[in-house]
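Take a look at the structure set out below.
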Amino acid sequence: MFSKIFSIIALTTFLGLASAGPVMPRTSKMCKPNLQSMAVTAFGYFNDGSERVKEWSATPEEGSHVVLKTASKEAFRVGEFILEFSGQPTNTYVIKQVANTQRDLKASVASDGHFVFTRTNVGTQQFNIDCEVCQDDGSDFTHANTCTISDPNTKLCVTGSSADGGERLGMRPCDGSLAQQFGFIQALSDKQLSTVVFE
């Protein structure tokens, strides 16, 4: 049952993100999220010295950067992204935006290493997503957490603190740090949302 009370800081626990150290050990048992192309909110940890979880944000237009912004209760109500299996033998994913009704914008790796949405159909639009927790068994809410998103070609990981120090997501060598840990949760109904409390 989804009856837990969350504070904005408690979301770090939900995502499996701890602030005890800069590197998260990975378990040997990983899973692939099966979010059935449902609308989800994506969260990450921005390495800005705070312990707050931040949500992904991007406008539905060509070249839009994925940035991190402070999560709010409203973030649970409206899922902004869709994770779809690519259909390739590699079990990779494409990431799309709900607001882009034509579904022709996909997350891509720009030439400068930033994580952006483009229409270009290239290999950099497919990503490995490996998680420590995949809750997709029909329970009250579906989510995946402690997930790493990586480019199968370059082996670089999506990182919550880009090389230029901004809030744009970028690609960096995989190191297991908090800045490379993400989570996804389905959009919640008003009834489910009524149980979520932010301080």
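Atoms considered below: every heavy atom in the structure, side chains included; atoms not considered: hydrogens, waters and symmetry mates.
Atom OG in Ser108 sits 10.5 Å away from atom CD in Gln126 (nearest 0.5 Å). Going from atom SG of Cys147 over to atom CE of Met30 covers 7.5 Å, rounded to the nearest 0.5 Å.
Take Ala107 and apply the side-chain contact (heavy atoms from CB on, under 4.5 Å) test, not counting sequence neighbours, and it matches Ile95, Phe115, Phe117, Phe127. Residues passing the side-chain contact (heavy atoms from CB on, under 4.5 Å) test with Val67, sequence neighbours excluded: Ser57, His65, Arg168. Judged as a side chain to side chain donor-acceptor pair (under 3.5 Å), and not counting sequence neighbours, Asn128 has no contacts. For Thr90, the side chain to side chain donor-acceptor pair (under 3.5 Å) criterion is met by Thr92, not counting sequence neighbours.
Side-chain atoms of Gln97 come within 3.5 Å of backbone atoms of Ala58 as a donor-acceptor pair (strictly under, hydrogens ignored). Between the side chain of Asn100 and the main chain of Pro60, no donor-acceptor pair closer than 3.5 Å is present. For Ser150 (side chain) and Pro152 (main-chain N/O), no donor-acceptor pair under 3.5 Å exists by modelled atom type.
In this structure, Val98 belongs to a hydrophobic cluster whose other members, linked by side-chain heavy atoms under 4.5 Å apart, are Ile82. Applying the 4.5 Å side-chain rule to ILVMFWY residues, one finds that Val116 remains a lone member of its cluster.
The two residues Lys32 and Cys134 come nearest to each other via the heavy atoms C-SG, 3.7 Å.
No side-chain heavy atom of Thr118 sits less than 4.5 Å from a side-chain heavy atom of Lys106. Leu156 places a side-chain heavy atom less than 4.5 Å from the side chain of Pro173. Inter-residue side-chain proximity for Phe81 and Trp56 is flagged as met; some heavy-atom pair is nearer than 4.5 Å. A 4.5 Å side-chain heavy-atom check between Asn145 and Phe43 finds every atom pair outside the cut-off. Put simply, the side chain of Glu132 does not reach to within 4.5 Å of the side chain of Cys31, judged on heavy atoms. Between Ile149 and Phe182 the shortest side-chain heavy-atom distance falls below 4.5 Å. Taking the side chain as every heavy atom from C-beta outward, Ile129 and Pro33 approach each other to under 4.5 Å. Residues Met171 and Asp151 are in side-chain contact: their nearest non-hydrogen atoms beyond the backbone lie under 4.5 Å apart.
Between the side chains of Thr146 and Gln181, no donor N or O sits under 3.5 Å from an acceptor N or O. Side-chain polar atoms of Glu55 and Thr41 form no donor-acceptor pair below 3.5 angstrom.
The salt bridge (charged side-chain N to carboxylate O under 4.0 Å, His left out) pairs that include a residue from residues 56-68 are Glu62-Arg119, where partners are two or more places apart or lie in different chains. Sorted by first and then second residue, the pairs that involve residues 84-112 and meet ring-ring contact (aromatic ring centres under 6.0 Å, His included), not counting sequence neighbours, are Phe85-Tyr93. Screening residues 82-98 for salt bridge (charged side-chain N to carboxylate O under 4.0 Å, His left out) gives Glu84-Lys96 as the qualifying pairs, with residues at least two apart or on separate chains.
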* Please assess Gln180 against Cys174 for the test side-chain contact (heavy atoms from CB on, under 4.5 Å), listing each intermediate value before the final yes or no. => CA-CA 8 Å; Gln180 294 179 348; Cys174 301; 4.2 Å; yes

* Asked: Passes side-chain contact (heavy atoms from CB on, under 4.5 Å), Val40 versus His143? Steps please.
  -> CA-CA 8 Å; Val40 297; His143 70 277; over 6 Å; no

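Residues Leu105 and Met38 fall within the same hydrophobic cluster, defined by Ile, Leu, Val, Met, Phe, Trp and Tyr side chains chained together at heavy-atom separations under 4.5 Å.
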